[in-house]
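Here is the structure we will look at, set down as structure tokens.
Just so it is clear, the structure is predicted and the values come from calculations on it, not from any experiment. Order of the sequence lines fixes the chain letters, A, B, ..., with proteins taken first and strands second; residue numbering starts at 1 for each chain.
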Number of protein chains: 2
Amino acid sequence: MTDGKTHDTAESARPVFAAERRQRILELVRANGAVSLRDLARAVGSSEVTVRRDVRMLEGEGLLDRHHGGATLPGELTREPTYSQKTQLSGTEKAAIADLAASLVEDGDAIAIGAGTTTQAFARRLVRHTELAVVTNSLLVAQALADCPRVEVVMTGGTLRGSIHALVGSPAEQALSGLRVRRAFISGNGLTAERGLSTPNLQVASVDRAMARAAEDVVVLADHTKIGVDTMVQTVPTEEITHLVTDDDAPRDVLDDLASRGVRLHVARG
Amino acid sequence: MTDGKTHDTAESARPVFAAERRQRILELVRANGAVSLRDLARAVGSSEVTVRRDVRMLEGEGLLDRHHGGATLPGELTREPTYSQKTQLSGTEKAAIADLAASLVEDGDAIAIGAGTTTQAFARRLVRHTELAVVTNSLLVAQALADCPRVEVVMTGGTLRGSIHALVGSPAEQALSGLRVRRAFISGNGLTAERGLSTPNLQVASVDRAMARAAEDVVVLADHTKIGVDTMVQTVPTEEITHLVTDDDAPRDVLDDLASRGVRLHVARG
DNA sequence: CGCTAATTGATCGGTTTAGATCGAACGTGA
DNA sequence: TCACGTTCGATCTAAACCGATCAATTAGCG
């Protein structure tokens, strides 16, 4: 504020105003995308120190991004930090849940496996089983069992939902409607005693419902971050859930409530 | 060092910042699925040590997976023991074929893609297309296009054949019988002028046939090791093949024979 | 005319980055 | 299983860059 020009008219003298220099810096960065500090200094005819100051100021206003060695347009190289957090967030807990859930599967079973990273971890534990028949709409689950010759994997058809790597839509639901399995292993984004299992997506919910209908037992795989959480669409009501596999960080009150409604609990030690 | 720049116009060598380099590494891995460290270093113009550091950092953020000799997409979607096969065996030829085949696809097309490593490479080139509708029975193809929001991927159902990571059986064939696409991109294990495309497996052949029937044009993707080779089951007769994309090591006489039977040739420069 | 304030330029020390080297670990093939 | 080549990790070196302090020039003002 104080470092501005003394006169707004700027007609009296002809010094190289700081604002003008900064404008040129901005233009250069915009034109080239990325300019080194040295080139910038040469282009505007000032020292690197001055340009460094200017760039720092411009960064403060959010007009460009400062990097080691130069400046770039803002947001050009934005990294997405929230990409794989899901898989590594609670990896050990997921593994413990998956191990425990695998004990609910017997050789010769016919089971269905839904989409999700937890079910993917679960599927990896099934490679030791023999004569297994698995129905799934998850590419990740299918991939995990692909190299296992003693497990027959059947995929539903459908439209690929890239964010969760699973198939949805009426083809998937129809494929499930014609099948019957002993147990369905389903994950979700939230589980409460009142509303049961839920997920934020309509299409995913439909497929999960169809999968639950095709099974005698419904086993829910949910780590503690999902217990007591409710999301938009209900997929399986509590009454239809026969088993819940979770970890020991889950809130006790919700677990007790679920147990009182007939859900058999399996708590893995994290 | 301080080279006398004849003109102080900001037209100098564009700097490559660390963040930008990492972004390019990420793009390269995303585009090719698996890239060796040496290729990565050559592509970004840095030493292998530097690239190794970058890859390690990116792995720390979960943006890619590090393997011995290179990097792959995270989630080990491409868990294969023979890492070398994909990157160096006939990687360049496959890539050239895939590039050329991708030029046969236009925005807004509806296409079908069969199973195979060549078609997988082909699918990776389609991420830039928009408004694409893709039908496939290959998990690898679906996986390659999963993160592309502008491509709608529909999978046939069916039984998973682990060795080729594709779906076979009557559900797959039935799903294809109800569809109609402009072009089908099919690979195989052998292609001769007399018998056309062939594969050693009966179930795979049935699905490939169904895929060819669902398409107006049939495009065969086959590298030179498959040209002139005949395997057990015929999938598509020569008369139904409209395009062949191969590399320039393919035997000329077979190519001429195919061309005389109405197959349009596209020979990629290895 | 002299003083004050402000902006620019220069120098120094610390930090970050890129490249090179060497022992160790891994994968491959016999 | 063993041997060999390749790759990885760690340490080090060199160089570039950044931040801060200080000197110098210039404009403004009493």
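Listed candidates were D:dC8, D:dA20, D:dA16. Nearest to the side chain of A:Arg56 is D:dA20.
Rounding to whole angstrom units, CD of residue B:Glu48 and P of D:dT6 are separated by 12 Å. Put simply, CZ on B:Arg52 is 12 Å from C1' on C:dA25, counting in whole angstrom units. Atoms CE (A:Met57) and P (C:dT7) sit 9 Å apart, rounded to a whole Å. What separates CG of A:Leu40 from C1' of C:dG9 is a distance of 17 Å, to the nearest Å.
Salt-bridge check for B:Arg38 with B:Glu48: passed, with a basic side-chain N closer than 4.0 Å to an acidic carboxylate O.
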Classify every nucleotide of nucleotides 16-22 of chain C by which part a protein heavy atom approaches to under 4.0 Å, writing B for the base, S for the sugar-phosphate alone and - for neither, in 5'-to-3' order.
-> -SBBB--
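A:Arg42 places no side-chain N or O within 3.5 Å of a backbone atom of A:Ser47 that could act as its donor or acceptor partner. No donor-acceptor pair closer than 3.5 Å links the side chain of B:Asp39 to the backbone N or O of B:Ser36. Listed for the A:Asn137 side chain is a donor-acceptor partner under 3.5 Å among the backbone atoms of A:Leu167.
The shortest side-chain heavy-atom distance between B:Leu63 and B:Arg22 does not fall under the 4.5 Å cut-off.
Considering all non-hydrogen atoms of both residues, B:Leu64 and B:Ala71 come closest at CD1-CB, 4.1 Å.
Contact annotation: A:Arg66 side-chain N/O to D:dG19 OP1/OP2 distance is under 4.0 Å.
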